[in-house]
Amino acid sequence: MAINVQIFGAEEISKALANKDILSGVNKELSKLAIKMANRAKKATVVDTGRLRASIATRMSDLSAEIGTNIEHAPFVEYGTAKMEARHMEGSTKVLGEGMFNYTVNNSQEDIDKFSDELGKIMSDRWPK
């Protein structure tokens, strides 16, 4: 179970990303975004033993970030079951109906907007002239 963030763009952007300077800057910003989202998912995880929360991690590769867990019961917490609703935490309150990853995606727009702004700066500052 994971959140997968990938960057797709026009041909010109793809060519610019062949520039190691630009690629490095984009990957750095993507890594920051992934860490913020992983931390938000951890804070939103319902805790019994703490194993699920502790297992949430990020995995990075060029232009791709994955935030996820390999814990077997994570899908049940995220999506619910016939006997249990999906759930996440907001502060110290358990909220039913939405899992920790869905909550994270639905509450990350400000961070995604900042990421987008940073990408624009990287592209304009380092774009080949």
Side-chain angles (χ1 to χ4, degrees):
M1 157 167 287
I3 300 169
N4 191 359
V5 180
Q6 292 183 319
I7 300 169
F8 297 98
E11 188 175 318
E12 293 82 14
I13 293 173
S14 295
K15 286 179 186 175
L17 292 173
N19 176 318
K20 293 197 184 297
D21 232 13
I22 292 174
L23 181 63
S24 173
V26 171
N27 281 327
K28 180 179 175 184
E29 291 304 319
L30 182 59
S31 178
K32 287 182 195 177
L33 176 62
I35 290 167
K36 282 182 183 179
M37 291 180 74
N39 287 338
R40 182 170 285 124
K42 286 179 181 185
K43 287 180 185 175
T45 301
V46 176
V47 176
D48 184 14
T49 65
R51 192 168 145 242
L52 176 57
R53 178 181 281 174
S55 73
I56 295 173
T58 60
R59 182 171 41 198
M60 297 291 305
S61 61
D62 278 353
L63 306 178
S64 179
E66 188 174 278
I67 301 130
T69 178
N70 61 356
I71 299 296
E72 290 178 13
H73 68 274
F76 305 123
V77 177
E78 182 67 19
Y79 302 113
T81 68
K83 297 180 180 182
M84 175 186 88
E85 268 193 83
R87 56 198 61 219
H88 72 275
M89 297 296 290
E90 290 182 31
S92 60
T93 304
K94 187 184 298 183
V95 180
L96 301 177
E98 184 179 49
M100 64 276 184
F101 289 118
N102 279 322
Y103 171 81
T104 296
V105 169
N106 291 333
N107 289 278
S108 294
Q109 191 59 53
E110 186 176 321
D111 292 327
I112 292 168
D113 290 345
K114 286 179 185 175
F115 169 73
S116 181
D117 290 345
E118 288 302 315
L119 289 187
K121 289 177 189 173
I122 289 167
M123 297 302 258
S124 65
D125 291 348
R126 300 177 188 171
W127 192 271
K129 296 178 172 87

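Predicted model, so just to flag it, every value in this text is computed and none were measured.
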Say whether, by atom type as modelled, one donor and one acceptor occur between the side chain of [X] and the main chain of [Y] under 3.5 angstrom.
X    : Y    : answer
S108 : D111 : no
R87  : E85  : yes
S24  : D21  : no
T45  : R53  : no

Do the side chains of [X] and [Y] join up, straight or via other hydrophobic residues, at under 4.5 Å, putting them in one cluster?
X   : Y    : answer
F76 : Y79  : no
V95 : V105 : no
I35 : I112 : no
V47 : M100 : no
L23 : F115 : yes

Between CZ on residue R59 and CD on residue E66, distance to nearest 0.5 Å
4.5 Å

Atom OG1 in T58, atom NZ in K36: separation rounded to 0.5 Å?
14.0 Å

Which pair of heavy atoms, one from [X] and one from [Y], lies closest together, and at what distance?
X    : Y    : value
V46  : K94  : CG1-CE, 4.0 Å
I56  : K42  : O-CE, 3.0 Å
Y103 : E90  : CE1-OE2, 3.5 Å
A34  : M60  : CB-SD, 4.1 Å
T69  : A74  : CG2-CB, 3.5 Å
A41  : T104 : CA-OG1, 3.1 Å

Counting heavy atoms not belonging to D48, are there more than 12 under 6.0 Å from its CG?
no

Please indicate whether Q109 has more than 12 foreign heavy atoms, meaning atoms of other residues, nucleotides or ligands, lying under 6.0 Å from its CD.
yes

Pairwise side-chain contact, [X] with [Y], heavy-atom cut-off 4.5 Å (strictly under):
X    : Y   : result
I122 : K28 : no
N102 : E78 : yes
N27  : S31 : no
M89  : K43 : no
D62  : V26 : no

Are E118 and K114 close enough for a salt bridge, meaning some N to O gap below 4.0 Å?
no

